[in-house]
Amino acid sequence: MASLCISHTFPSSPINSNSRLTLSPRPRASASFIIMNSSKNNNNLTPPPSQGVNEKVSFAAATGGFFVGIASRLIKSSSNYEDSGSTIPVFRRPRKTTSESELGNSGNNNKERIGLVMEDEIEPEVIWEQRVKDIEAEKERRIVTSPGFSFSAAGLLFPYHLGVAQFLIEKGYIKETTPLAGSSAGAIVCAVIASGASMDEALKATKILADDCRLKGTAFRLGAVLRDILDKFLPHDIHTRSNGRVRVAVTQILWRPRGLLVDQFDSKEDLINAVITSSFIPGYLAPRPATMFRNRLCIDGGLTLFMPPTSASKTVRVCAFPASQLGLQGIGISPDCYPENRATGRQLFNWALEPADDEILDRLFELGYLDASIWGVQNPVENIVPEQSPLFGNGSAK
């Protein structure tokens with residue numbers, strides 16, 4: 001949820017209210033057919049209907065927006081340091097790394113310490129870390145399917161990610177051996193995929209959460225509602241299904257904000273705690289400035305790792321926001337795949353912080369499926385997904 005705006009201002013232009021959305025609940029036609037027909041009939045494809053963008057901002061949206069502003073300034077300052085050739089004090093905290101030969105001899109206490117510090121390939125100013133036990137969990141998965149898929153922070157735009165995941169699973173891009181990674185809503189969709197549940201079931205659960213928040217409010221209580229939904233929805237063995245496969249990004253804030261990738265979970269509750277921590281906007285999920293996770297003071301993972309790398313040799317990144325407006329590079333699937341007559345960035349931002357109507361949630365799901373299908377035309381599954389590939393490439397980082 002955190003870095004929804006990064007450092008850019010979204011346009012506030014109105015949607016064309018005369019257009020009509022013609023997507024079916026599940027686009028079954030080939031993506032090439034969709035592209036060809038859409039280019040001829042652009043006026044027939046519209047974004048979800050507006051939900052009062054200019055209305056009075058709620059306390060929840062104001063709280064989330066304030067936190068996003070802080071994240072924006074933080075990332076702006078890191079970019080300025082990068083441009084000037086200076087070191088980046090926020091992200092570049094030198095730490096001792098652990099060699100592979102040392103991992104097998106580490107005691108239980110030592111396994112909690114940081115064993116790897118990496119510079120992100122797509123966003124070089126971002127430094128992320130892993131504990132020794134997370135590295136070992138990945139090494140225990142001897143076979144993976146590349147590429148892995150990383151899902152961005154997205155807030156309550158979660159259905160967009162579900163639509164993307166629906167296509168990727170249907171067409172064989174995501175298998176049981178495919179590594180996954182995510183921040184905030186992206187971490188939640190990774191857990192859903194690992195659980196083996198259908199994306200339709202996840203969409204229904206999302207509507208239950210949205211309805212609860214519409215009736216009783218979002219600020220200060222979203223975390224408790226989300227925890228209850230996850231506890232009921234995820235299977236009892238979700239932690240074992242996710243170990244070594246799903247990387248959940250959190251932000252440690254003492255003494256300097258830095259990203260931590262977690263993919264070793266001791267229990268279902270431990271995994272849910274990781275996901276809640278990855279989504280923790282101060283004062284938004286709960287009435288406190290931060291949350292404790294494994295004796296670390298943490299907040300939303302999107303602050304430092306908007307789209308974390310997977311453990312595969314290659315990572316395809318999925319962003320629920322137009323990557324071009326965010327100034328992000330190396331994004332595979334986003335609304336930029338088919339930008340015609342879509343909702344504005346400002347509308348998406350509002351829907352990310354406040355629950356939209358069920359009709360909009362359905363449309364977001366459909367548009368995620370559509371964008372993924374268009375990406376699939378340029379990246380046929382038989383060309384990019386080998387049968388098997390060796391583990392632990394860390395290809396998305398250098």
Side-chain angles (χ1 to χ4, degrees), residues 23-35 122 141 143-154 157-203 205-206 241-242 245-248 263 307-321 323 330-338 361-389 393 395-396:
L23 295 177
S24 63
R26 288 289 185 282
R28 295 297 182 184
S30 68
S32 57
F33 176 83
I34 294 173
I35 297 171
I122 302 300
R141 298 184 69 90
I143 300 296
V144 302
T145 301
S146 187
F149 288 87
S150 173
F151 294 84
S152 74
L157 295 179
F158 181 66
Y160 179 88
H161 281 334
L162 294 178
V164 172
Q166 175 74 27
F167 174 85
L168 296 176
I169 294 171
E170 276 186 9
K171 305 305 179 183
Y173 292 91
I174 292 182
K175 306 176 183 292
E176 290 186 359
T177 51
T178 301
L180 305 168
S183 286
S184 192
I188 298 174
V189 76
C190 289
V192 170
I193 295 171
S195 74
S198 74
M199 300 303 109
D200 281 326
E201 292 172 342
L203 182 60
T206 303
R241 300 187 189 200
S242 302
R245 181 190 182 191
V246 175
R247 284 180 170 179
V248 175
D263 60 358
M307 282 171 287
T310 69
S311 61
S313 59
K314 179 182 178 181
T315 295
V316 176
R317 304 196 183 202
V318 181
C319 184
F321 298 90
I331 309 304
I333 302 173
S334 79
D336 286 339
C337 288
Y338 188 79
L361 299 180
D362 287 332
R363 302 285 180 87
L364 290 170
F365 186 103
E366 295 166 1
L367 292 171
Y369 190 103
L370 174 63
D371 291 339
S373 66
I374 293 174
W375 172 85
V377 171
Q378 301 174 342
N379 300 272
V381 64
E382 61 272 13
N383 291 350
I384 70 169
V385 181
E387 288 298 320
Q388 290 182 343
S389 57
S396 292

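For the numbers below, each heavy atom of this structure counts, side chains included, while hydrogens, waters and symmetry mates do not.
Separating the CZ atom in R241 from the CD atom in E176 is a distance of 8.5 Å, to the nearest 0.5 Å. Between the CZ atom of F151 and the CD1 atom of I188 there is a distance of 13.0 Å, given to the nearest 0.5 Å. Interatomic distance, F167 CZ to I374 CD1, rounded to the nearest 0.5 Å: 10.0 Å. A distance of 7.5 Å separates OG of S198 from CD of Q166, quoted to the nearest 0.5 Å. With values rounded to the nearest 0.5 angstrom, L162 atom CG is found 11.0 Å from L157 atom CG.
What you find for A194 and V246 is that their closest heavy atoms are CB-CG2, 4.0 Å. Here the closest non-hydrogen pair linking C190 and A181 is SG-O, 3.3 Å. Between A323 and I331, the closest heavy-atom pair is CB-CG1, 3.6 Å. Residues P147 and V385 share a closest heavy-atom pair of CD-CG2, 4.0 Å. The nearest pair of heavy atoms linking V192 to F158 is CG2-CZ, 4.2 Å. M307 and C319 make their closest contact through SD-CB, 3.9 Å (heavy atoms, listed as atom of the first residue, atom of the second, distance).
By the 4.5 Å heavy-atom criterion applied to side chains, F365 and T206 are not counted as neighbours. The shortest distance between side-chain heavy atoms of R245 and D263 does not fall below 4.5 Å. Residues P179 and R247 are not in side-chain contact: their nearest non-hydrogen atoms beyond the backbone lie 4.5 Å or more apart.
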- Query: Should V164 and W375 be marked as a side chain to side chain contact (heavy atoms under 4.5 Å, CB included) after you check the CA-CA gap, both sets of side-chain angles, and the distance that decides it?
  - Reply: CA-CA 10 Å; V164 172; W375 172 85; over 6 Å; no
- Task: Under the side chain to side chain contact (heavy atoms under 4.5 Å, CB included) rule, what do I333 and L168 come out as? Steps first, then yes or no, please.
- Result: CA-CA 11 Å; I333 302 173; L168 296 176; 4.2 Å; yes
- Chi angles and distances behind the side chain to side chain contact (heavy atoms under 4.5 Å, CB included) call for S334, R317: CA-CA 9 Å; S334 79; R317 304 196 183 202; over 6 Å; no
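For D371, the side chain to side chain donor-acceptor pair (under 3.5 Å) criterion is met by Y160, R342, not counting sequence neighbours. In this structure A205 satisfies the side-chain contact (heavy atoms from CB on, under 4.5 Å) test together with I229, F233, sequence neighbours excluded. Every residue two or more places apart in sequence or in another chain that forms a side-chain contact (heavy atoms from CB on, under 4.5 Å) with I169 is listed here: I174, I193, M199. Among residues two or more places apart in sequence or in another chain, the salt bridge (charged side-chain N to carboxylate O under 4.0 Å, His left out) test is passed with D362 by K207.
For S150 and T315, the side-chain atoms include no donor-acceptor pair closer than 3.5 Å.
A side-chain donor-acceptor contact under 3.5 Å links H161 to the backbone of S152.
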